[in-house]
Amino acid sequence: MRIPERLIVGVLGACAGLTILITLGILYTLASEAVVFFSEVPITDFLTDTQWTPLFTEKHFGILPLLAGTLLTSFIAIFFALPIGLTIAIYLNEYAPRSFAFSIKPILEILAAVPTVVYGYFALTVVTPFLQGFIPGLAGFNALGAGFVMGIMIIPLISSLSQDALYAVPKSLREASYGMGATRLQTAFQVLVPAASSGITVSVILAISRAVGETMIVAIAAGMQPNLTADPTVPIQTITTFIVQISMGDVPHGSLEYRTIFAAGISLFVLTFILNNISFWFKKRYRMKYE
Amino acid sequence: MTHLEAEIKNLKTELLDMFHLVRTQLEKSRESLVRLDKDLAREVMVNEKRVNAFELKVDRDCENTIALFNPVAIDLRFVLACLKINSNLERIGDIADGICQFVLNIKMEPEKDLLEATRMMEMFDTSIEILEEVRLAFENEDTRLARSVFKKDELLDEINMNANQAVAEFIKNHPDRINQSLYLLSSIRKLERVGDQCKNISEEIIFYIEAKVLKHKSREQKQA
Amino acid sequence: MTHLEAEIKNLKTELLDMFHLVRTQLEKSRESLVRLDKDLAREVMVNEKRVNAFELKVDRDCENTIALFNPVAIDLRFVLACLKINSNLERIGDIADGICQFVLNIKMEPEKDLLEATRMMEMFDTSIEILEEVRLAFENEDTRLARSVFKKDELLDEINMNANQAVAEFIKNHPDRINQSLYLLSSIRKLERVGDQCKNISEEIIFYIEAKVLKHKSREQKQA
Amino acid sequence: MHKKLEARNVNVFYDQTHVIKDVNLAVEQHSVTAFIGPSGCGKSTFLRLYNRMNDLIEGFRKEGEILIDGRDIYQRDLRVEDLRKKVGMVFQKPNPFPKSIYENVIYGLKIRGVNNKNLLDETVERCLRQAALWDEVKDNLRKSALALSGGQQQRLCIARAIATEPSVLLMDEPASALDPISTSKVEELIYELKSQFTIIIVTHNMQQAGRVSDKTAFFYLGELVECDSTKKIFTNPTDSRTQDYITGRFG
Amino acid sequence: MHKKLEARNVNVFYDQTHVIKDVNLAVEQHSVTAFIGPSGCGKSTFLRLYNRMNDLIEGFRKEGEILIDGRDIYQRDLRVEDLRKKVGMVFQKPNPFPKSIYENVIYGLKIRGVNNKNLLDETVERCLRQAALWDEVKDNLRKSALALSGGQQQRLCIARAIATEPSVLLMDEPASALDPISTSKVEELIYELKSQFTIIIVTHNMQQAGRVSDKTAFFYLGELVECDSTKKIFTNPTDSRTQDYITGRFG
Amino acid sequence: MNKVTANRIKDQAFRAFGLFCTLFGLIMLAVFVGDVVLKGIGRIDLDFLTNLPSRFPERAGIFTALMGTCWILFLTAAIAIPVGVSAGLYLEEYGRKNRFANLVEINITNLAGIPSIIYGLLGLELFVRTLKLGQSVLAGALTLALLILPIIIVATRESVRAVPKSLREASLAMGATKWQTIWLQVLPASVGGILTGVILALSRAVGEAAPLIVVGALAYVPFAPSSPMDEFSVLPIQIFNWVSRPQQGFITNSAAAIIILLMVTFLMNGVAIFFRNRWQRRVKW
Ligand SMILES: Nc1ncnc2c1ncn2[C@@H]1O[C@H](COP(=O)(O)OP(=O)(O)OP(=O)(O)O)[C@@H](O)[C@H]1O
Ligand SMILES: Nc1ncnc2c1ncn2[C@@H]1O[C@H](COP(=O)(O)OP(=O)(O)OP(=O)(O)O)[C@@H](O)[C@H]1O
Ligand SMILES: [Mg+2]
Ligand SMILES: [Mg+2]
Ligand SMILES: O=P([O-])([O-])[O-]
């Protein structure tokens, strides 16, 4: 290799290396502040205490209410998005005329491109008032509306990735199934979905991960009250919204409150990290199978 | 077994049938000559049509095999050998037919002493024997046996050489039977051709099995 | 032009050369007989080796063409026709060689009147003529010309038929020249074979061009 | 012989393009018919008429009749799923389902609701035997079909296709993705299957058509130029276009 | 004749697998050599030794020498880019660059900094003529190469390969993705190019090897079983494995 | 009713359900957009676009936020594109074998899945505090650049990977060096995909609020930023701020701002889709 090539490779490699620095930066940032935090708050309290009141005078630092809020909204979102997203994927792949599928897919993807503040606005000003018509006692800020809108947001994530996975199943397999006299439904569920199962799983896990990390929708529409509850009708707070809440105020650097957001952050990080790695593992398996 | 193998097996069977057919013709023509049996001679001449038809069929099958299966190497050599053996066999059939024609033409039984002097019956027997050996060599892909034919053929050549002299003598002594003698001489020449054809067949057998070309080589070279 | 076409053109050229070679042999053998030129006869017999070698070469080329190019339809028919025409030509070469052998064997010039009675020279000329016609038919893919050969061959057959009688007469009158007469008779039989071979060649030409099999058909059927 | 398949004045259009032009063709029962012709001449299109796989293609339009056993398969009241059970298909690239060998073979039965374990077992053995694959796989029927070699996969696809007991087998270049050894195995198989099935095979490989088929149909620019016995086509075709094509003097 | 290429005791490993086993092979100048053999026997691997395309593969290791004109091409001081200029390669699937026909042909010159317009124009015409493509494309040299048909694309790839004036042309199944008509055109081309180039062609199609090559090398399980004149191989191979393979009695 | 008939009925039922689901998402979107347009369209005029923020809904405008968004967009693009494309190229073309590349690969997959707010925490600690950039446009842009870097890298890798091996081999076999191959063949062939990815990534950046809130972008900034070191706000934060207030006037304002924001993101997505389609159609091997 000649000198200029080496130079180019060096520069390109440095750029790639930067991504490692980012991860290290995140880890260091979260860890260094969290270490100080956990030196003040015992980690057992953090994991077991059922109250989260860092801003009150009587401070409790139990992550459970935030975690519950996070999981509740995520669950509601997936509950809506998974069946709809998967059905869309199959419909577009097997039933819809090619031209229709071709033009509808980017339009669906726009659902995911709408900024989350906008969804928050919808949840707060459209969906919740609408739901209040059916569900008496639904609070103005609640997990249900936020979760539902979040679900709409992640529909294309599931439908697109799943459809890609379905589409990646070789055309010859579909033809084989049709050639055997299978209906489209049978072809879809007996051949395509199993063949694309890894890809579909990846899409679902990524959707969950996205829901867990989602901030603005819940910040606007779910209230900011850390409640340890499974009731979707009352206000809750998620890990992300807590961070937003603290960041909005001018919290002095170095204070305990300032550090709580890093403690919350590291919890969120660990959660999404686990989800991402599961999906990464699936994806690898999936790629191997179709080489 | 691949189709080609099946096809080749089939060709071989056909050719063995052809061998059989021709051999029968030759034997019958011998009989008809010995006994001056004109009916038998006629039968041979009718059967000649069958030999011809059979030749065409084998020819066609070889052509089809080449066109449809693109044989190469030993397979191709086999098919080409079949083509040639087939036409050699047909010629032997012609010879049997020719001899029978002569049987029909002559007026009385051939003289015993002329037959003896020309050693014609010995020639006949040897020809049939050689043909049978060649058939065996072909059936069993036995190149040793095929090679042994070259030796036997020399006997035929020798008899043929002497026949001229013998017939000349006979004519001198029996000027009244010139015609018959000349026919007999022609038949002897024909029988000599049977030996040649068998030699050709042997060469083809050796060619297809060993890929050695023996045609136009001296006997010493052939035995090598 | 595809390779196969080039190959086929090449085969054709070779076969035309073979035609030429064989024709020369036949002409020389005629010369040697007429003038009892033993040197010329020896030359023909030496050249026979070349004919044989050439036959092998054409054979090998046909085999290679089939093995390497898998010809089908007209191409395959052509190559197979070449194979057969080639062996027919080689036989004509053999005949020329055989006649020269006879020239070497006889002691004195053949009797003019015997030659005349048997119409042997006419036969020779007709054979050469037929051979030339067949060559032209092959060269120009002219099936009409090829068909005309069947007619001409009848002349040879006729002469051959009568030759027996003529020779018999001659022997009766010249008992001292039996040997020579017998040789001559053999040569006449051989020349008759030239006609047959040319007929075979014509059949092959028609087969490859028109895909019609004329072998073993009566003349009427052939003309159709 | 019994005319198994018959096409009468068939025309096919993709949108405006006329890809099959007035084709009439009868195929005899228990014979192998090869479709040959230059690329894009409509062989695959015509083949796929017999099991209506073209219906899946947008813009496809057909005129004329396709009869199987004398019955028009494009009739309204005929269910395409039933048709495809009767008319099996094998594709260019081996395309086993990413399931076990066993499941691949019984797929056609399962989608019809057959659940009888014994029957399924029997079918698997019978079909794999017919496809000359049984000996190679009988000890690992539960192994993934994807772990088989290309040639084995293709024979598995054939086994799968014959499991529904079709009477017609369509093959679109079934060996073009295989190496010579696997190819010859598949060709042997075709040869053996013809005693039970009416087989149509599309092939680019002229030699293959020669080896496996009884009849050969030559298509050119959407027309059926000539259909005759394979021997005839390969030794003495009637149409000069056929001769030019098979002797490689084309275009 | 001049020995253009020579392989001496060549062994190749991919990680631990031994894929080329002690191969010795000399290739004469201006001849066409065909590599045949069952799938996976190492034909492509061996072919790609000549222009060091294997260097790109992980785990590749070579022993022995490959000489071109008597010079070891795996020597340290030899630049692989220069080698590849001398040793052109054509691949199985036509792979023109998504640029104009003109730019495709001059690519090899341009990456070497040749900018002389006249020279480039001349090269384009010469190479396209040599590749028997000039007449078909001379009026739209600026058209995208992707708009050509498969056979034309492959001939364009050949034109592109010969533009750098290589002396050796490597072809890895150059016609296996083409239909019979395009195939025969490419074969013609190979036949004509051999007066100027030393050509090695890998092919699965035995008939193709028969048609185009002067010599044929039969590989089996990484060994070179037999290398002889094509006529000899096809009429009377020495090794029984060769005979079994070419007559289709294998495996 | 036999099995086959049942199968056909199920088949048709599923088709209907599929169509319903597909349209469901779109209908919701249409309802939302219709709602926001109804509420906000009347509020949009030149004043709304050019006014500075205010405590009074009628006088408040989005000028500073809009300018902040422009600044952010520009700086983020300038930082993220070269780095992201380079890294993507390195990983796909050069770094296939070594462990470093392997590590980077896993790392990037993880980075892509980290919630945006965590990037906010990183930006806060790294750029705002440690590098002392303060709550500036630059700090915000750097944060967002880090956020979208994985997206650009992944998009680059995917479009580069989609370039067929045969094209690369063709170029190498012609004697081109690796970089020549990349520069002359791989990049041109994949530029459409890269561009699509970049635009989508930027449109994501435009809509982000959470990380910028954490970094300290303020809802109330009296002036539009005039240098990278100025304080700033962006449209999403402005909207968040307004929507959190009880007055109906601010809700209307937020609806109007949403219209603007949606126009920007839809436009960017439209452009990206346009690129993608054109690229997909043009390049076929
Ligand atoms: N889905 C389609 N839409 C429009 N035209 C098509 C379609 N499929 C095929 N065609 C056209 O129809 C013609 C016939 O195609 P078909 O695939 O039947 O040809 P083929 O003979 O099978 O070719 P090949 O040997 O390359 O497979 C071609 O010209 C092709 O371009
Ligand atoms: N990149 C690689 N890594 C490891 N093994 C390889 C690699 N490429 C090829 N092989 C192995 O090397 C052997 C020879 O492969 P090669 O591609 O040379 O075979 P081939 O004769 O060209 O086969 P084909 O005719 O299918 O192209 C095969 O067994 C293959 O599995
Ligand atoms: Mg097709
Ligand atoms: Mg290979
Ligand atoms: O037929 P022949 O010329 O060989 O006697």
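Below, all heavy atoms of this structure are taken into account, side chains as well, without hydrogens, waters or symmetry copies. The sequence lines fix the lettering, A, B, ..., with proteins before strands; numbering per chain opens at 1. These numbers come from a predicted model, not from an experiment.
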Starting from the C-alpha separation in whole Å, work towards a yes-or-no answer on side-chain contact (heavy atoms from CB on, under 4.5 Å) for F/Asn110 and A/Asn277.
-> CA-CA 7 Å; F/Asn110 268 309; A/Asn277 279 285; 3.2 Å; yes
Could you walk me through whether A/Tyr121 and F/Ile251 pass the side-chain contact (heavy atoms from CB on, under 4.5 Å) check?
-> CA-CA 9 Å; A/Tyr121 168 89; F/Ile251 298 290; 4.1 Å; yes
For F/Leu29 and A/Val114, what are the C-alpha separation, side-chain angles and deciding distance, and is it a side-chain contact (heavy atoms from CB on, under 4.5 Å)?
-> CA-CA 10 Å; F/Leu29 187 66; A/Val114 172; 4.1 Å; yes
Derivation of the side-chain contact (heavy atoms from CB on, under 4.5 Å) call for A/Ile107 and F/Leu26 = CA-CA 8 Å; A/Ile107 298 177; F/Leu26 297 181; 3.5 Å; yes
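Proximity to chain F is absent for every atom of A/Phe130, based on heavy atoms less than 4.5 angstrom apart. Both the backbone and the side chain of A/Thr125 come within contact range of chain F, judged by heavy atoms closer than 4.5 Å. If you measure heavy-atom distances from A/Val11 to chain F, you find no contacts under 4.5 Å at all. Contact of A/Val244 with chain F is made through backbone and side chain together, with heavy-atom distances under 4.5 Å. In this structure, the portion of A/Glu109 lying under 4.5 Å from any heavy atom of chain F is its side chain and not its backbone. Only the side chain of A/Phe100 comes within less than 4.5 Å of a heavy atom of chain F; its backbone N, CA, C and O stay farther away. With a 4.5 angstrom heavy-atom cutoff, F/Gln12 touches chain A only via side-chain atoms. Heavy-atom distances place the side chain of A/Thr272, and not its backbone, under 4.5 Å from chain F. Proximity to chain F (any heavy atom under 4.5 Å) is shown, for A/Phe273, by both the backbone and the side chain. Residue F/Ile114 touches chain A through both its backbone and its side chain, counting heavy-atom pairs closer than 4.5 Å. Contact of A/Phe80 with chain F is not made at all, since no heavy-atom distance falls under 4.5 Å.
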Mind listing the side-chain donor-acceptor pairs of residues 260-267 of chain F below 3.5 Å, one per line with the distance, residues two or more places apart or on another chain?
unit_1   : atom_1 : unit_2   : atom_2 : d
F/Thr265 : OG1    : F/Leu261 : O      : 3.1
F/Thr265 : OG1    : F/Leu262 : O      : 3.1

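Across A/Ala113, A/Gly265, A/Gly213, A/Gly13, the residue that shares the most heavy-atom pairs under 4.5 angstrom with chain F is A/Gly13. Most heavy-atom pairs under 4.5 Å with chain F, from the set A/Ile261, A/Leu206, A/Val212: that is A/Ile261. Ranked by non-hydrogen atom pairs under 4.5 Å with chain F, the options A/Leu124, A/Val149, A/Ile90, A/Ile155 are led by A/Ile90. Considering only heavy-atom pairs separated by less than 4.5 Å from chain F, the leading option among A/Thr215, A/Ile20, A/Leu18 is A/Ile20. The candidate from A/Arg210, A/Glu214, A/Glu33 with the greatest count of non-hydrogen atom pairs under 4.5 Å with chain F is A/Glu33.
Screening F/Val214, F/Val215, F/Leu124, F/Ile117 for a side chain to side chain contact (heavy atoms under 4.5 Å, CB included) involving A/Ser247 leaves a single residue, F/Val214.
The main-chain N or O of A/Thr183 is never found under 3.5 Å from a side-chain atom of F/Asn7 such that the two would form a donor-acceptor pair. Using modelled atom types, one side-chain atom of F/Asp11 and one backbone atom of A/Leu185 make a donor-acceptor pair closer than 3.5 Å.
In this structure, F/Phe14 and A/Tyr95 have tilted ring planes: the angle between them lies in the 30° to 60° band.
Atom CG in A/Leu108 sits 12.0 Å away from atom CZ in F/Phe24 (nearest 0.5 Å).
Across A/Met216 and F/Ala210, no two heavy atoms sit closer than the pair SD-N, 3.7 Å.
At a threshold of 4.5 Å between non-hydrogen side-chain atoms, the residues A/Met248 and F/Ile213 count as touching. Side-chain contact between A/Thr87 and F/Phe20 is absent, with no heavy atoms from C-beta onward closer than 4.5 Å.
Other residues, nucleotides and ligands contribute over 12 non-hydrogen atoms within 6.0 Å of the CZ atom of A/Phe189.
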